[in-house]
Amino acid sequence: MKEASAGKKLFEDLAYRPKPAWDRLSSEERQRVFALAEDYKAFLTAAKTEREANALILAEAEKQGFRPAEKFQGRLAPGTRLYYNNRGRSAALVVIGREPLSAGFRLVGSHIDSPRLDLKPRPLYEEEGLALLKTHYYGGIKKYQWPVHPLALHGLVVLAGGERREIRLGEEPGDPVFCVTDLLPHLAYEQMEKKAKEAVKGEALNIVVGNIPYPEEEEVKERVKLAVLNLLKEAYGFREEDFISAELEAVPAGPARDVGFDRSMVGGYGQDDRVSAYTSLRALFEVRQPAKTAVCLFTDKEEVGSMGNTGAQSRFLENVLADLVHRQGGTSVDLGVREALARGEALSADVNAALDPSYQEVSDKRNSALLGYGINLSKYTGARGKSGSSEASAEFTALVRDLFNRHNIAWQPGELGKVDEGGGGTIAQFLANLGMDVLDAGVALLSMHSPFEVASKVDVYMAYRAYKVFWEPEK
Ligand code: MN
Ligand code: MN
């Protein structure tokens, strides 16, 4: 072996270049990467809406010894496991630390809502022999990606008397699916001339749901609609008016899948941001007695601005902290919450865009995350001069970077797109507004916000390990 030149040695010592995360895996770790991905795919397949994700998270948490806070009477000892369920659409899981909450806490926060097609309040209509459902899309989608793709209907209908009817149709092998149609190329001359954002209009995202008319009768005009209503009555016991008190979401049908000859990637719907929800949940389950209390937060409504009583802008987190401070017997709950927040540290667990080899022109290659290079750290988000970004401090970023380096966790710095090319936000700013130190840390995806997002299994694994050591460093 030839001795490396002095310049090469110096370059390796001084220069920084992220390396493929796959390169640093032992054969045993490689097995763990693939095993975790199996479990992750099952989670993605089972949890396609915020409600489904919330229910699955809390059911798993119960199995891991977490108890609903409102039923917990005992003393908060280090290692005590509690959860807070916020209206079935967001939640917080807590592992009590050895230090009091007023000394600060460590939070990993993700969101469990994803872009999709929501049904309108009066969705059902009949036109030209078909029954259809009108939708209003939720979150940032490219509308042309949603037609001609099998869709499943998920959600909840609350009947006038308060009775609940849960719907999940289109996921089982024998289930029917639904779809939005698109023009055939032969008649799409004008459509193809349009800008991509106008080629498929929001009002054209109508879902086909039926074709058989109700048996002929003189008085009835909309016979296909009536036949569908009749089926809904028989299957779920609801009438047309009940659509107005429903949360019905059309999402891509079918399971998450392996991608690639080497099965190195996971493809599926809703990885923004259920990859962060999943990895932080798995990580928290392994936290025993952290120094600082560990909080795993799952929020809703991130894709529409984190609004409302289940979004990251709500008082939910403060309410959780107030309850904990109260139980720890602080003299002033208000002060205790403020101290906890001012000394609190958070990873905003959210995805970022991976550099796409086919669309490199929108990214700064030197500052983009690559698929398979580990968890992505985004110091800031925002757009046009970092607008709308809380930006992590140098001190907190250094703390996290050191922690990951010490634990051999592959990480990379990544920014969403070139300067002035676009941008995006996460819940980081809302946590930072409360006084916490916050850094965005999550998995990079290809085809983000599409019906089939792609993640690298090694990045999923590194995210899980990263969240875990953030809460409880290994000795
Ligand atoms: Mn997200
Ligand atoms: Mn998103």
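All ligand and atom numbering here is 1-based and tracks the order in the structure.
Below 30°, between 30° and 60°, or above 60°: for Tyr278 and Tyr40 the angle between ring planes is between 30° and 60°, a tilted geometry.
For the residue pair Asn433 / Gln313, no side-chain donor-acceptor distance below 3.5 Å is found, with atom types taken as modelled.
Using a cut-off of 2.8 Å, one finds that Asp350 contributes an N/O/S atom close to the Mn ion (ligand 1). Counting backbone and side-chain atoms alike, Asp273 contributes no N/O/S atom closer than 2.8 Å to the Mn ion (ligand 2).
Our summary of the site lists the angle at the Mn ion (ligand 2) between OD2 of Asp272 and NE2 of His449 as 90°, to the nearest 10 degrees.
A donor-acceptor pair under 3.5 Å links the side-chain atoms of Arg465 to the main chain of His407, judged by distance alone.
Summary: OE2 is the N/O/S atom of Glu303 found nearest to the Mn ion (ligand 2).
With salt bridges taken as basic N to acidic carboxylate O contacts below 4.0 Å, one links Glu28 and Arg32.
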